[in-house]
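Heads up, the thing below is written out as structure tokens.
This structure is a prediction, so every number in the text was calculated from the model and none was measured.
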Amino acid sequence: QVQLVESGGGLAQAGDSLKVSCAVSGRTLTSYTMGWFRQAPGKEREFVAAILWSGTIRKYADFVKGRFTISRDNAKNTVYLQMTSLKPEDTAIYYCAASARSYILDRSSQYDYWGQGTQVTVSS
């Protein structure tokens with residue numbers, strides 16, 4: 001099993017930055033794809049970013065490209081989402097996910113493990 005625990009969410013003003021973290025435990029993640037998704041109340045989960053654990057390939061949703069950066073720290077078994085230039089529409093619960101497939105995925109159904117989420121609220 002793989003366990004994912006997100007942290008780092010909070011309240012921010014438009015234009016601020018936040019960095020959310022995903023601590024991973026369980027199986028090794030050498031061949032895994034790691035993803036960040038977000039979900040606002042009453043809405044479906046939305047793809048944000050993904051990275052191969054190797055770090056060689058990254059993918060971003062068009063609406064966050066240039067503002068958000070996904071990364072990982074192998075030694076700490078942690079995946080990060082650095083968010084800059086936050087907008088009110090970024091308000092959501094941000095979820096970390098992991099897939100045993102070793103290629104980039106942008107659909108939630110392709111991920112096997114999920115964290116509990118961390119709330120990000122951006123005010124205008």
Side-chain angles (χ1 to χ4, degrees):
Q1 294 290 335
V2 174
Q3 293 179 322
L4 311 174
V5 180
E6 301 95 334
S7 62
L11 179 65
Q13 294 267 95
D16 283 357
S17 297
L18 280 177
K19 188 174 186 177
V20 292
S21 302
C22 174
V24 184
S25 62
R27 298 179 63 184
T28 57
L29 303 176
T30 304
S31 63
Y32 274 59
T33 297
M34 303 298 300
W36 283 99
F37 291 77
R38 67 187 187 185
Q39 187 169 16
K43 297 183 179 180
E44 298 297 313
R45 279 175 293 179
E46 179 180 46
F47 172 75
V48 177
I51 185 173
L52 296 185
W53 192 253
S54 66
T56 57
I57 302 175
R58 295 172 172 83
K59 184 177 182 179
Y60 297 93
D62 289 342
F63 42 84
V64 301
K65 188 79 165 68
R67 297 190 297 124
F68 295 1
T69 302
I70 187 170
S71 62
R72 85 280 181 269
D73 186 324
N74 293 342
K76 292 182 170 62
N77 271 7
T78 302
V79 180
Y80 304 96
L81 184 69
Q82 175 67 57
M83 300 180 285
T84 62
S85 301
L86 284 165
K87 305 175 181 179
E89 52 262 43
D90 295 321
T91 296
I93 300 175
Y94 282 73
Y95 294 94
C96 180
S99 172
R101 302 172 178 85
S102 58
Y103 50 89
I104 291 292
L105 304 166
D106 60 4
R107 298 178 180 178
S108 59
S109 61
Q110 298 294 320
Y111 287 81
D112 306 300
Y113 306 99
W114 294 84
Q116 84 290 346
T118 185
Q119 177 71 49
V120 173
T121 302
V122 184
S123 64
S124 59

Hey, does [Y] have a side-chain heavy atom less than 4.5 Å from the side chain of [X]?
X: W36; Y: I51; result: no
X: T84; Y: S17; result: yes
X: V20; Y: E6; result: no

Just jot down the side chain to side chain donor-acceptor pair (under 3.5 Å) partners of [X], sequence neighbours excluded, or say none.
X: R38; answer: E46, D90, Y94
X: T121; answer: Q119
X: D106; answer: K59

Review point. Which residue pairs pass the disulfide (SG to SG under 2.5 Å) test when at least one of the two sits in residues 42-80, sequence neighbours left out?
Key: none

**Study point:** Any residue meeting side-chain contact (heavy atoms from CB on, under 4.5 Å) with Q39, in chain and number order, not counting sequence neighbours
**Key:** R45, Y95

Check your understanding: Is W114 reachable from Y32 through a run of hydrophobic residues whose side-chain heavy atoms are each under 4.5 Å from the next?
Key -> no

Review point. Linking I/L/V/M/F/W/Y whenever any side-chain heavy atoms sit under 4.5 Å apart, do L18 and V79 land together?
Key: yes

Point to revise | Pairwise ring pair (Phe, Tyr, Trp, His ring centres under 6.0 Å) hits with a residue in residues 56-83, at least two apart | key: none

Practice item. Check the pair I93 / Q116 against side chain to side chain contact (heavy atoms under 4.5 Å, CB included), numbers first and verdict last. Key: CA-CA 9 Å; I93 300 175; Q116 84 290 346; over 6 Å; no

Check your understanding: Can you name the one residue among M34, Q3, K76 that meets side chain to side chain contact (heavy atoms under 4.5 Å, CB included) with V24?
Key -> M34

